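Below: the structure, in structure tokens.
Reckoned from all heavy atoms, side chains included, excluding hydrogens, waters and symmetry mates. In the text below, chain A, chain B and the rest are named by the order of the sequence lines, each starting its count at 1. Treat the numbers as computed from the prediction; the structure is a model and nothing was measured.
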Number of protein chains: 4
Amino acid sequence: MTTEKGERRRQALAEAAGALLREGGFDAVRHRAVADRAGLPLASTTYYFDSLEELVTAAVELTSRQELAAGRAELDAGTEPDPLELVLDQLLGRESRKGGLDAVLLRYEQLVGAGRRPYLAPLMRTLRVELDALLTEALARAGHPLDAAALRRVVEVVDGAVLSALIEADPDPRATARAALLRVL
Amino acid sequence: MTTEKGERRRQALAEAAGALLREGGFDAVRHRAVADRAGLPLASTTYYFDSLEELVTAAVELTSRQELAAGRAELDAGTEPDPLELVLDQLLGRESRKGGLDAVLLRYEQLVGAGRRPYLAPLMRTLRVELDALLTEALARAGHPLDAAALRRVVEVVDGAVLSALIEADPDPRATARAALLRVL
Amino acid sequence: MTTEKGERRRQALAEAAGALLREGGFDAVRHRAVADRAGLPLASTTYYFDSLEELVTAAVELTSRQELAAGRAELDAGTEPDPLELVLDQLLGRESRKGGLDAVLLRYEQLVGAGRRPYLAPLMRTLRVELDALLTEALARAGHPLDAAALRRVVEVVDGAVLSALIEADPDPRATARAALLRVL
Amino acid sequence: MTTEKGERRRQALAEAAGALLREGGFDAVRHRAVADRAGLPLASTTYYFDSLEELVTAAVELTSRQELAAGRAELDAGTEPDPLELVLDQLLGRESRKGGLDAVLLRYEQLVGAGRRPYLAPLMRTLRVELDALLTEALARAGHPLDAAALRRVVEVVDGAVLSALIEADPDPRATARAALLRVL
DNA sequence: TATGAATGAGTCTTCATTCAT
DNA sequence: GATGAATGAAGACTCATTCAT
């Protein structure tokens with residue numbers, strides 16, 4: 001039943017929601033804001049998504065898959081000489097290359113936010129599996145073949161370091177994360 | 001100027017706000033909810049706190065200081081045979097001893113939430129300093145004298161592990177955290 | 001886009017606001033009061049008007065245009081044998097024919113109120129232009145062709161007299177205004 | 001019973017209320033604002049004035065009497081070479097010498113505001129009598145001896161002109177008023 | 001299939017006034 | 001005599017969701 005046009009609109013809404021999520025966190029994802037952002041009628045948000053939760057879920061999924069796909073593409077293309085940068089892209093968001101805390105916040109907000117939003121949990125776990133696969137490959141290419149448990153530990157260390165950087169208002173969380181990553185490898 | 005009774009009411013409101021924060025996150029801290037919880041009139045919330053932000057700040061501070069004070073007391077009393085448990089108390093919340101994720105969530109929510117709530121940043125940094133002092137002492141008593149940088153790294157590892165546990169819906173995040181702690185020491 | 005019914009409701013709200021404005025001044029125009037008066041739900045007031053200012057503006061405009069239209073109609077119909085009465089209608093409000101101060105107050109309240117309500121200024125100036133055109137025509141028909149400057153002076157004299165009458169609680173401000181008008185012509 | 005200190009505080013509150021009235025109109029006169037402005041406790045406002053209406057009344061009276069007294073003093077001192085300026089001072093407020101509309105607004109706001117505030121009417125009439133006496137004297141000294149009726153007409157013309165200036169956002173209402181005054185004399 | 005219209009519930013906050021001390 | 005504490009009522013405004021068309 002899904003018209004092509006319908007699918008396009010659904011995607012536009014999810015993208016708008018994703019942008020809002022990035023900029024203002026979960027609380028910023030409101031029907032009106034999403035509709036305005038997408039340039040679509042207010043009612044289209046509830047027409048294409050039964051509830052706000054569904055819309056948020058779609059936004060998280062879209063956002064994350066775009067990051068994953070970009071990482072995978074670069075990995076396959078072999079463009080990036082330093083695979084560790086690809087790892088940091090995934091853990092901090094590619095936008096973190098530009099510096100600043102905002103870009104980093106979203107990922108951790110989502111991680112923690114999932115705790116209060118059980119409806120996100122399944123998606124988060126799925127995404128994690130895909131993330132782990134990508135990271136494993138990138139680290140192997142960087143000369144660090146790791147098994148699943150070891151990878152987890154590496155990710156945890158970086159996550160912990162970034163969390164810490166967020167609170168300290170560390171001006172360059174990516175550098176901090178990179179240091180932690182090198183230390184643990 | 002502050003009456004004793006006035007101070008008690010203020011505290012009651014902050015405590016109610018803290019409970020709501022623990023149970024439902026930042027979004028659950030609303031004037032009405034706090035007032036109802038404390039069994040006080042709605043307007044008392046704005047009488048004692050100029051804005052919701054102030055109330056949230058008071059809630060975070062109260063909650064955190066209670067945890068810190070409890071840890072400090074136990075440490076000084078020497079009741080707890082295993083100082084590492086005190087460390088875990090501080091990083092996961094004492095309630096995590098009972099198991100379950102809910103108790104753990106708050107701390108990380110606050111850490112990340114401070115990112116979207118700049119008004120919390122100063123408090124978070126102050127609390128961090130006090131936390132570090134307590135942890136340093138506890139770890140020293142456990143036979144692990146650490147300098148500031150080393151301590152930070154230990155905390156980061158545990159934080160990363162807990163964050164991971166939250167997403168995995170790990171049934172026993174405390175055990176996971178303990179394992180990470182032992183590994184890094 | 002606007003449904004006919006929608007337009008009718010918008011108008012009903014503006015009319016309710018206008019009635020409140022007349023009876024109780026600017027302070028009486030509140031969302032709740034307007035909604036109750038119009039027999040519509042509270043939220044309809046913010047649905048049709050983005051803010052209270054917009055609603056007040058609509059009320060002023062509607063009220064004033066109705067007066068203007070009525071004056072124009074009578075002027076064109078030639079019903080009123082004494083065109084000066086039409087002038088007084090415009091300057092004191094048609095309701096002032098019934099006597100009493102209340103009817104007169106609104107116009108002057110709006111004139112002065114615009115000072116504290118900059119958002120009304122553009123509308124007030126537009127209305128003034130239309131008013132001047134109507135008055136010029138009515139006075140010409142009464143045998144007093146006036147240029148713009150002369151008209152302004154006439155209006156000012158009447159306005160001054162009415163203002164004075166308002167404070168004196170003059171029982172018949174219309175008669176006072178008429179006397180001033182005749183004197184200045 | 002009135003302590004000297006009590007009387008001083010009453011006056012301080014009335015003065016604070018007057019300042020707020022001038023700056024923000026009737027709506028700006030609130031208990032809290034007045035107390036803050038006067039640097040006195042909130043409850044002192046209701047202690048010294050049974051209601052807000054009383055406080056507003058006191059503010060209007062104080063403000064107006066100060067203007068009157070200043071005018072009278074200058075008149076008696078013979079400082080001001082042009083008595084017409086004293087007339088304008090009274091009709092537009094002395095602050096209007098500095099130019100701008102704000103200074104002028106208050107007087108007309110009070111004139112009109114009295115319509116919605118019957119409790120002000122007696123005071124307004126009393127003040128008018130005193131004003132008329134002062135104006136008569138000033139105009140006589142300027143070579144324009146006028147009887148009561150003629151004076152009223154002069155005042156009305158100026159009032160009308162100023163009202164008009166307020167709406168047009170006339171940058172120099174005082175000049176406009178002066179021109180109207182000269183014209184009518 | 002879409003969407004403009006609509007609204008009940010709820011948001012934070014302000015305020016005049018009362019009262020116990 | 002003075003005032004800190006307190007609060008009921010009301011303020012403007014937001015929002016997720018429903019529904020008729």
Please output the side-chain donor-acceptor pairs of residues 13-21 of chain C that fall under 3.5 Å, not counting sequence neighbours, one pair per line with the distance.
from: C:E15; atom 1: OE2; to: C:Q66; atom 2: NE2; distance (Å): 3.2

Practice task
Would you indicate, yes or no, if F:dT7 has its OP1 or OP2 atom less than 4.0 angstrom from a side-chain nitrogen or oxygen of B:R9?
Solution key: yes
Fill in the blank from the handout: Once base and sugar-phosphate atoms are separated, protein heavy atoms under 4.0 Å mark nucleotides 13-21 of chain E, 5' to 3', with B, S and - as BBBBBB---
Exercise for the section: With pairs defined as Watson-Crick or G-U wobble and both distances under 3.5 angstrom, please note down DNA chain E as a dot-bracket string, | for pairing with another strand. Expected result: .||||||||||||||||||||
Handout entry: Within-4.5 Å side-chain heavy-atom neighbours: D:L52 and D:L55
Key = yes
Problem - Side chain D:T46, main chain D:A43, donor-acceptor under 3.5 Å - result: yes
Problem - Euclidean distance, atom CG of residue B:L55 to atom C1' of E:dT11 [Å, nearest integer] - result: 14 Å
Exercise for the section: Measure the shortest side-chain to side-chain distance between A:V112 and B:L111 over non-hydrogen atoms and say whether it is less than 4.5 angstrom. Expected result: no
Practice task
Let me see the working for C:R116 and C:F26 under side-chain contact (heavy atoms from CB on, under 4.5 Å), right down to the final yes or no.
Solution key: CA-CA 11 Å; C:R116 296 277 184 209; C:F26 285 100; over 6 Å; no
Fill in the blank from the handout: Residues at least two apart in sequence or cross-chain that pass side-chain hydrogen bond (donor to acceptor under 3.5 Å, both in side chains) with B:R107, listed by chain then number, are B:D159
Handout entry: pair A:Q11-A:R8: side-chain heavy atoms closer than 4.5 Å
Key = no
Exercise for the section: For D:Y48, report the nucleic acid contact type (base, sugar-phosphate, nothing); a contact means any heavy atom under 4.0 Å. Expected result: sugar-phosphate
Fill in the blank from the handout: Quick note, salt bridge (Lys or Arg N to Asp or Glu O under 4.0 Å) partners involving residues 54-65 of chain D, not counting sequence neighbours, are D:E61-D:R65, D:R65-D:E130
Practice task
May I ask you to verify if any side-chain N or O of B:Y47 is less than 4.0 angstrom from the OP1 or OP2 atom of F:dT7?
Solution key: no
Handout entry: Euclidean distance, atom CZ of residue B:F49 to atom P of E:dT11 [Å, nearest integer]
Key = 18 Å
Practice task
Measure the distance from OH on B:Y119 to P on E:dC12 and round it to the nearest whole Å.
Solution key: 11 Å
Using a 3.5 Å cut-off and no angle test, enumerate the donor-acceptor pairs between side-chain atoms of residues 27-42 of chain B and protein atoms at least two apart in sequence or in another chain.
from: B:R37; atom 1: NH1; to: B:E23; atom 2: OE1; distance (Å): 3.1
from: B:R37; atom 1: NH2; to: B:E23; atom 2: OE2; distance (Å): 2.5

Exercise for the section: Rounded off to whole Å, could you give me the CG-to-P distance for the A:L20 and F:dA16 pair? Expected result: 11 Å
Handout entry: Nearest-angstrom distance from the residue atom CG of D:L40 to P of F:dG4
Key = 10 Å
